[in-house]
Protein chains: 2
Amino acid sequence: MALEHAILVSLLEKPGSGYELARRFERSIGYFWTATHQQIYRVLKRMESEGLLAVRELSQQSRPDKKEYSVVGPGRAALSQWLHESIQPESMRHELAVKIRGAAFDDPSVLIREVERHRQVHIDRLAHYLAGELRDFTGPAAPTPLDTGQELQHVVLRGGIAYERMTIAWLDDVLATLRRLGTSPPHA
Amino acid sequence: MALEHAILVSLLEKPGSGYELARRFERSIGYFWTATHQQIYRVLKRMESEGLLAVRELSQQSRPDKKEYSVVGPGRAALSQWLHESIQPESMRHELAVKIRGAAFDDPSVLIREVERHRQVHIDRLAHYLAGELRDFTGPAAPTPLDTGQELQHVVLRGGIAYERMTIAWLDDVLATLRRLGTSPPHA
DNA sequence: CTTGGCTATGCAACGAGTTGCATATGAGGA
DNA sequence: TCCTCATATGCAACTCGTTGCATAGCCAAG
C-alpha cells in the first residue's frame with residue numbers, strides 16, 4: 001500500500017489532479033516511487049471512496065475539466081499511523097545485475113553497449129538532481145532558512161544524488177570488468 | 001519476466017530444486033532479486049511446461065523427495081536472447097524515502113528509531129557481503145585466477161557492497177537531519 | 001481542415017507478487 | 001509421546017502493477 005502513502009504525501013505537499021500526480025511521479029516523488037496514471041486514477045478513486053481524500057471538480061478554460069484531490073482528516077490520520085509503523089528494509093530489484101551474472105553463459109562483451117546506455121541514463125539523472133538541488137535548496141534563489149518539509153525533501157534528494165554517483169562508479173567498474181573479460185572464451 | 005531470467009541464471013550456475021532456489025533467493029541471487037517460494041514453484045512449473053527446463057525427480061533418504069530442475073537448450077537460448085535485448089534502467093522503490101518526506105506532516109523524530117533500525121540492517125548486510133567477498137574472491141582460499149563467471153559474480157557483489165556503504169552514509173545523513181529538526185514544531 | 005500534441009480521465013485484460021493456508025517426511029529434543 | 005524444526009511442494013485468494021486501448025477538449029502548425 002505504499003502507493004497510497006506516496007499519494008497522501010504528495011497531496012499534502014500540494015493538492016492536485018490524477019494527471020498532475022502522474023507528472024509528479026515522473027519527477028520529484030517519482031525519484032523513489034513510480035506509478036503509471038492508470039494506477040494513480042484507480043487508487044485515487046478507492047481512497048476517495050474510503051474517505052481519505054476529498055474531490056473538487058474544477059471547470060477549466062482551454063482544457064478539459066479536472067478533479068482536484070486533497071487530503072482530509074482520516075487521510076492524514078492514516079499517514080500518521082503508517083509513520084509510526086515499521087516497514088521492512090528494501091529488497092533489491094536490480095535486473096541489470098541479473099544480466100551481468102547471466103553474461104557468463106554467453107559473450108560478456110554483448111553487454112557493454114547496454115551498460116554504457118544505463119550509465120548515460122544515470123549521468124543524466126544525476127545532472128537533473130543536481131540542478132534541482134541548486135534551484136530549490138542550495139542556490140541563491142533558494143529560501144533560507146529551509147522549513148522542515150524542505151529540509152526533509154533535501155535529505156531525500158541527497159540520497160538520490162548519492163545513489164546516482166554510486167551507480168555510475170559501479171557501472172564504470174562493470175565496464176572495466178567486461179572489457180577485461182572481452183577476449184576470454186565464453187564459459188561452459 | 002525477470003524472475004524467469006534470474007531462475008535461468010541460477011540454474012545454469014547450478015541445477016536445483018524449487019526449495020533450493022528459494023534459499024538462493026535469500027542470499028546470492030536474492031541480493032538483487034527477490035522471490036518467495038510460491039512464486040518460484042509456480043514459475044518453475046510454467047517454465048518446465050514451456051520446455052525451458054528439465055525436471056528430474058529424486059528420492060532422498062531422511063527427507064522428502066525433491067524435483068531437480070536444470071536448464072535445457074531452449075532455456076539457454078531464451079536467456080541468450082534476453083541478454084541481447086535492452087532493458088529499461090531501474091525505477092526506484094524506496095519506501096523509507098516516502099516516509100521521510102511524509103514526516104514533515106507529523107513529528108519527524110518518530111522516524112529516528114525506524115531509521116536506526118534500517119541502518120543496522122544495512123550494516124549487517126555489508127558485513128555479510130564483505131565476508132562473502134573474502135571467502136569467494138579475495139581471501140587466501142579463493143581460486144586464482146577467477147574464471148569469467150566468478151569475475152562477473154564478483155563485480156555484482158562489489159555493486160552490492162557499494163550500495164550498502166552508500167546507504168549507510170545516507171542514513172547517517174538522514175539521522176543527523178532528523179535530530180537537527182527534532183526540536184522544531186511540526187509543519188502545517 | 002486535418003494532423004499531431006498536450007491536457008484529462010478511464011476501462012479491460014493480463015501478469016507479477018504477496019499472504020495465508022495445507023500437506024507430508026523424518027530428525028531431534030522435552 | 002508430542003512438539004518443534006528443517007526439508008519439500010503446492011493451492012487459493014488477493015492485491016499490485018503493466019499494457020493496450022478509448023474518449024474528449026482545445027491549440028497550433030502545416
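Naming convention: chains lettered A, B, ... in sequence-line order (proteins, then strands); numbering from 1 in each chain.
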Just so I know, are the side chains of B:Leu175 and B:Arg179 near enough to count as touching, which here means a heavy-atom distance under 4.5 Å?
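SC-SC contact between B:Leu175 and B:Arg179 confirmed.
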Within-4.5 Å side-chain heavy-atom neighbours: B:Glu26 and B:Tyr31
no
Residues at least two apart in sequence or cross-chain that pass side chain to side chain donor-acceptor pair (under 3.5 Å) with B:Thr167, listed by chain then number, are none
Could you give the [atom1]-to-[atom2] distance, from [X] to [N], as a whole number of Å?
X	N	atom1	atom2	result
A:Arg24	C:dT7	CZ	C1'	15 Å
B:Tyr41	C:dT23	OH	C1'	12 Å
A:Arg63	C:dG5	CZ	P	18 Å
A:Tyr19	D:dA24	OH	P	18 Å
B:Glu57	C:dA24	CD	C1'	15 Å
B:Leu58	D:dT7	CG	P	16 Å
B:Leu44	D:dG10	CG	P	9 Å
B:Leu21	D:dG10	CG	P	13 Å

Give a yes/no on whether any side-chain N or O of [X] is located under 4.0 angstrom from OP1 or OP2 of [N].
X	N	result
B:Lys45	D:dT9	no
B:Ser17	D:dT7	no
A:Gln60	C:dT7	no

Report the secondary structure of DNA chain D in dot-bracket form, marking unpaired bases with a dot and bases paired to a different strand with |, and treating Watson-Crick or G-U pairs with both distances under 3.5 Å as paired.
||||||||||||||||||||||||||||||
Between B:Glu20 and A:Pro64, just flag the one whose closest nucleotide in DNA chain D comes earlier from the 5' side.
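In this pair, the answer is B:Glu20.
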Sugar-phosphate or base contact per nucleotide [nucleotides 13-18 of chain D; S, B, -; heavy atom under 4.0 Å]
B--SBB
Determine the interplanar angle of the A:His94 and A:Trp170 rings, folded into 0 to 90°, and report it as parallel if under 30°, tilted if 30 to 60°, perpendicular if over 60°.
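Answer is perpendicular, since the angle exceeds 60°.
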